[in-house]
Amino acid sequence: MKCVNCKAVADEYIECELMIVLIDLILHKPKAYRHVLFNVLNHESTHFQGILWKLLVGFLVLDAYRSLLVKKPEEEWGASMSFSSFFWIYRKMLVDVFLGNYMFLCSFFLAIRSLLKTSARFSRFRDLLLAILISSYFKILLTAMMVWEFPTAVIYIIDLFVFSSNTVALKGQIIYTLQFFT
């Protein structure tokens, strides 16, 4: 498709395969994020809300597992640990992660609203949340730590990848919001 105003190609990823898009996401190309956030995920579809909830649950579980890995050297984990105590620790971590991420998102949305001085609607906040969740795909690398033993520094390297990916995705999302909804 060509843009009506500038006659340039509107989305070059329309004809690309999924693997090319994934490689460009890993390379932090803003056009790839724009393609995924605005063209692949249709906001009017009936399954959009379900996708958002599934992404949120996966994000929280992986973040709780990350917290568990960071806390692991501090406490003794062994075969003698009962299932109920493991479940209690994991539930406590999940609640801590939920509250921490909730506070982060609330302060982030308030900062966006006050710094950009926009009258952002709820749907715009939902789009920003989707951008954060989609761009946190590097957290899936934590599952490799279930199989192989890595040093704790790998967790912080994954955090840096997630942070840089979030920055690229949110930059594109905020620019889009400012262009079309102010």
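Scanning all heavy atoms of the two residues, the minimum distance from Ser136 to Val162 falls at OG-CG1, 3.8 Å. The shortest heavy-atom contact between Ile132 and Phe104 is CD1-CE2, 4.4 Å. Leu60 approaches Asn101 most closely through the heavy-atom pair CD2-ND2, 3.6 Å. His28 approaches Ser164 most closely through the heavy-atom pair NE2-OG, 2.8 Å.
Aromatic ring pairs are classed by plane angle as parallel below 30°, tilted from 30° to 60° and perpendicular above 60°; the pair Phe150 and Trp148 is perpendicular.
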(message) For a side-chain contact (heavy atoms from CB on, under 4.5 Å) check, start with the C-alpha distance between Arg66 and Tyr156, then their side-chain angles and the critical distance, and finish with the verdict.
(response) CA-CA 10 Å; Arg66 180 208 165 277; Tyr156 300 113; 3.9 Å; yes
(request) Please report the C-alpha distance between Leu55 and Leu130 in whole Å, then the side-chain angles of each, then the deciding distance to 0.1 Å, and finally whether the side-chain contact (heavy atoms from CB on, under 4.5 Å) criterion is met. (result) CA-CA 8 Å; Leu55 284 171; Leu130 181 66; 3.8 Å; yes
(request) Decide yes or no on side-chain contact (heavy atoms from CB on, under 4.5 Å) for Ile155 and Met145, but give the supporting numbers first. (result) CA-CA 9 Å; Ile155 297 170; Met145 297 183 86; 3.8 Å; yes
(message) For Phe108 and Leu170: C-alpha separation, side-chain torsions, deciding distance, then whether side-chain contact (heavy atoms from CB on, under 4.5 Å) applies.
(response) CA-CA 11 Å; Phe108 178 74; Leu170 287 172; 3.6 Å; yes
(request) List the steps, then state whether salt bridge (Lys or Arg N to Asp or Glu O under 4.0 Å) holds for Asp24 with Lys31. (result) CA-CA 9 Å; Asp24 284 351; Lys31 287 183 180 181; over 6 Å; no
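Follow the hydrophobic side-chain contacts under 4.5 Å out from Leu37 and you reach Leu18 in the same cluster. Note: the hydrophobic cluster containing Leu129 also contains Leu99 (ILVMFWY, side chain heavy atoms under 4.5 Å, direct or indirect links). Two different hydrophobic clusters hold Tyr137 and Ile20 under the rule that ILVMFWY side chains link at heavy-atom gaps under 4.5 Å. Hydrophobic clustering keeps Leu160 apart from Leu142 (ILVMFWY residues linked when any side-chain heavy atoms are closer than 4.5 Å, directly or through intermediates). Neither Leu25 nor Phe163 shares a network with the other; the hydrophobic side chains, linked directly or stepwise wherever heavy atoms of I, L, V, M, F, W or Y lie under 4.5 Å apart, form separate groups for each.
Looking at heavy atoms from C-beta onward, Val21 lies in side-chain contact with Val36 at the 4.5 angstrom threshold.
In this structure, NE2 in His35 is found 13.5 Å from NZ in Lys29, a value given to the nearest 0.5 Å. Taken from NZ in Lys139 to CG in Leu133, the straight-line distance is 10.0 Å, to the nearest 0.5 Å. From Ile134, atom CD1 reaches atom CD1 of Ile51 across 8.0 Å, with rounding to the nearest 0.5 Å. Lys54 NZ to Leu56 CG: the interatomic distance, rounded to the nearest 0.5 Å, is 13.0 Å.
Cluster partners of Leu62 are Ile140, counting Ile, Leu, Val, Met, Phe, Trp and Tyr whose side-chain heavy atoms approach within less than 4.5 Å, directly or via other members.
Between Ser67 and Asp96, the side chains place no donor N or O within less than 3.5 Å of an acceptor N or O (distance only, hydrogens not considered). Looking only at atom types and distance, the side chain of Tyr33 has a donor-acceptor partner in the side chain of Ser165 under 3.5 Å away.
Around atom CE of Met146, more than 12 heavy atoms belonging to other residues, nucleotides or ligands sit under 6.0 Å away.
For Phe161, the ring-ring contact (aromatic ring centres under 6.0 Å, His included) partners at least two apart in sequence or on another chain are Phe138.
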